[in-house]
Asks: 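Have a look at this one before I ask anything.
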Amino acid sequence: MFQAPKGTRDILPPESDRWQALVAVFAEVFGRAGYGLVQNPMFEDIGVFQRLGEGTEVVRKEMYDFFDKGDRHMALRPEGTASVVRAFNQHRPTVPWKVWYLTPCFRYEEPQAGRFRQHHQVGAEAIGSADPDLDVEVIALQHDFYRALGLSQLSLRLNSMGSLGDRQAYAEQLAVWLGQRVGDLDEADRANAADHPLRVLDSKRERTIAAVADAPLIVDSLSDEAAAHFERVQAGLDALGVVYEIDPRLVRGLDYYTHSTWEFVAGALTSAQNAVGGGGRYDGLAESLGGKPAPGVGFGAGIERILLAADAEDALPEAEAAVDVFVVDVTGGDAGRDLTFELRRNGISADRAFDARSMKAQMKVADRSGARLALLVGEDEQESGTVTLRDLRSGGGQTSLPRPEVANEVAQRLAKE
RNA sequence: CGGGCCGUAGCUCAGUCAGGUUAGAGCGCCGGGUUGUGGUCCCGGAGGUCGGGGGUUCAAAUCCCCUCGGUCCGCCCA
């Protein structure tokens with residue numbers, strides 16, 4: 001028998017109800033702020049993702065790439081931003097282009113707590129403006145999204161990578177600094193010291209952490225312009241009541257970030273994978289994807305991890321799925337079919353039993369459905385042109401209704417609640 | 001890619017250490033408890049190639065090897 005591929009999962013009801021709820025909250029928070037939904041292909045020319053940076057493991061060794069029947073080198077999207085920026089380049093919408101997305105992401109890695117080969121992200125991007133207030137807007141909206149879900153034990157780590165020039169100058173300075181201390185680093189980090197010095201900074205290996213404790217920090221070498229940008233972002237977050245802590249060693253995995261870089265961490269998660277969303281500004285990305293220069297800022301947030309964090313905090317409880325009315329028909333199914341559709345077309349949620357089962361069996365299904373009301377049609381009702389209405393919650397009082405009045409009566413009963 | 005633990009009915013698990021007749025339980029599911037009625041209760045039933053393959057043995061869920069999958073840690077990240 002076949003099973004879902006390694007590192008992937010089927011999301012079934014009732015778990016999928018939580019997904020719907022989460023996405024609905026996200027759409028609400030960002031829709032209210034003028035962000036529209038963007039749907040991108042799940043695969044792109046591999047070049048789109050390679051521009052994310054040579055230093056990122058996601059690109060270097062975790063990409064799901066393949067050659068299609070036309071011998072094109074493609075890859076399943078490992079994250080959301082690159083495709084959105086590619087679409088921005090392609091369609092040239094008016095700026096700032098504010099969009100949100102919901103997408104599966106694919107990474108070939110070993111599954112672990114909160115880590116899958118296919119995971120899902122919601123995210124948002126604002127492209128075409130360098131205004132630091134957009135950094136603030138995106139971060140604050142992400143923050144509000146988590147709050148709306150009921151998550152409270154999150155912390156926000158914030159850093160600035162400076163402008164493209166700042167970043168590059170700092171990387172060179174850091175490479176030199178690291179070059180004099182390669183021997184002090186953990187072996188696993190030595191390879192990165194020259195080519196990807198920034199990656200060494202947020203290494204989690206003890207030896208490396210000790211070795212870089214007094215390394216120069218990028219916040220100390222920001223240009224005036226970048227420093228002003230960073231200050232404006234902090235002031236905005238302060239004004240909006242978004243609590244954060246500056247982490248001068250926060251680098252994050254994707255190489256394209258400039259200026260603001262941030263990460264939301266779930267304090268309630270004890271597993272190693274506790275980041276529930278992260279983002280940053282990427283002022284050079286559009287150009288590196290072959291478009292005209294266009295600044296942008298955005299983030300991605302992992303749905304699976306958000307739900308894990310919600311579990312740990314007892315937030316976002318699973319809602320009981322239920323219809324309002326259940327139709328029981330033991331006369332062959334015509335009445336059941338017709339009545340359920342009459343109700344549904346009148347805006348009432350209704351379900352029925354199938355397979356011509358006994359009344360007792362159908363009543364059990366009715367009970368399980370969570371319906372408040374049951375409509376019963378047996379031989380007596382069929383002959384007299386009536387339907388028996390039974391209240392499943394209050395001990396089971398029954399009334400007989402003329403068939404034409406059923407929809408109205410049911411609607412009135414439900415309205416009372 | 002390195003390491004630890006685990007894989008028995010739809011679900012949660014017992015049985016594996018000391019190999020031995022038709023592999024069990026609870027929950028769930030299906031049917032019944034006479035004359036059309038759920039949620040409680042009672043009775044009955046279906047459902048498992050014991051992850052897969054190979055080996056040892058008269059005999060393997062149980063021992064050995066390989067493999068696949070799950071889970072967790074390193075690492076990476078959402």
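Residue numbers begin at 1 in each chain, while the letters A, B, ... track the order of the sequences. What you are looking at is a predicted structure, and each value in this text was computed from that prediction instead of being measured.
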Asks: Classify the nucleic acid contact of A:Val122 as base, sugar-phosphate or nothing, counting any heavy atom under 4.0 Å across all strands shown.
Replies: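 Nothing, no nucleic acid heavy atom in range.
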
Asks: Could you check which nucleotide pairs with B:rG2 in any of the strands shown, counting Watson-Crick or G-U wobble with both distances under 3.5 Å?
Replies: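 Paired with B:rG2, as far as the under-3.5 Å criterion goes, is B:rC73.
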
Asks: When you measure from the side-chain N and O atoms of A:Arg115 to the phosphate of B:rC72, is any distance below 4.0 Å, counting only OP1 and OP2?
Replies: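 Result: no.
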
Asks: Does A:Arg205 have a side-chain nitrogen or oxygen under 4.0 Å from the phosphate oxygens OP1 or OP2 of B:rC76?
Replies: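 So the side chain of A:Arg205 is within the cut-off, an N or O lying under 4.0 Å from OP1 or OP2 of B:rC76.
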
Asks: Against the six-membered ring of A:Tyr170, is A:Arg167 placed for a cation-pi contact (under 6.0 Å from the centre, within 45° of the normal)?
Replies: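 Checked: cation-pi criterion not met.
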
Asks: Would you indicate what A:Gly378 reaches in the nucleic acid, counting non-hydrogen atoms under 4.0 angstrom: base, sugar-phosphate, or nothing?
Replies: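 Base, at least one base atom sits under 4.0 Å.
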
Asks: Rounded at 0.5 Å granularity, tell me how far CD in A:Glu62 sits from CD in A:Glu110.
Replies: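 Taking CD in A:Glu62 and CD in A:Glu110, the distance rounds to 10.5 Å.
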
Asks: Given the rule in the side-chain contact (heavy atoms from CB on, under 4.5 Å) test, do A:Gln142 and A:Trp262 qualify, once you have shown the distances and angles that lead to the verdict?
Replies: CA-CA 11 Å; A:Gln142 185 182 2; A:Trp262 70 91; 2.8 Å; yes

Asks: Could you pull out the closest heavy-atom pair between A:Val276 and A:Ala266, with the gap in Å?
Replies: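 Heavy atoms only, the tightest pair is CG1-CB, 3.8 Å.
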
Asks: Please evaluate the base of B:rC77 for a donor-acceptor partner in the side chain of A:Glu79 within a cut-off of under 3.5 Å?
Replies: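 Side chain to base: no pair present.
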
Asks: Quick one: is A:Arg357 getting a side-chain N or O under 4.0 Å of the B:rC30 phosphate, OP1 or OP2?
Replies: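 Yes, within the criterion.
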
Asks: Heavy atoms under 4.0 Å, any strand shown: does A:Gln362 hit a base, just sugar-phosphate, or nothing?
Replies: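 Result for A:Gln362 = nothing.
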
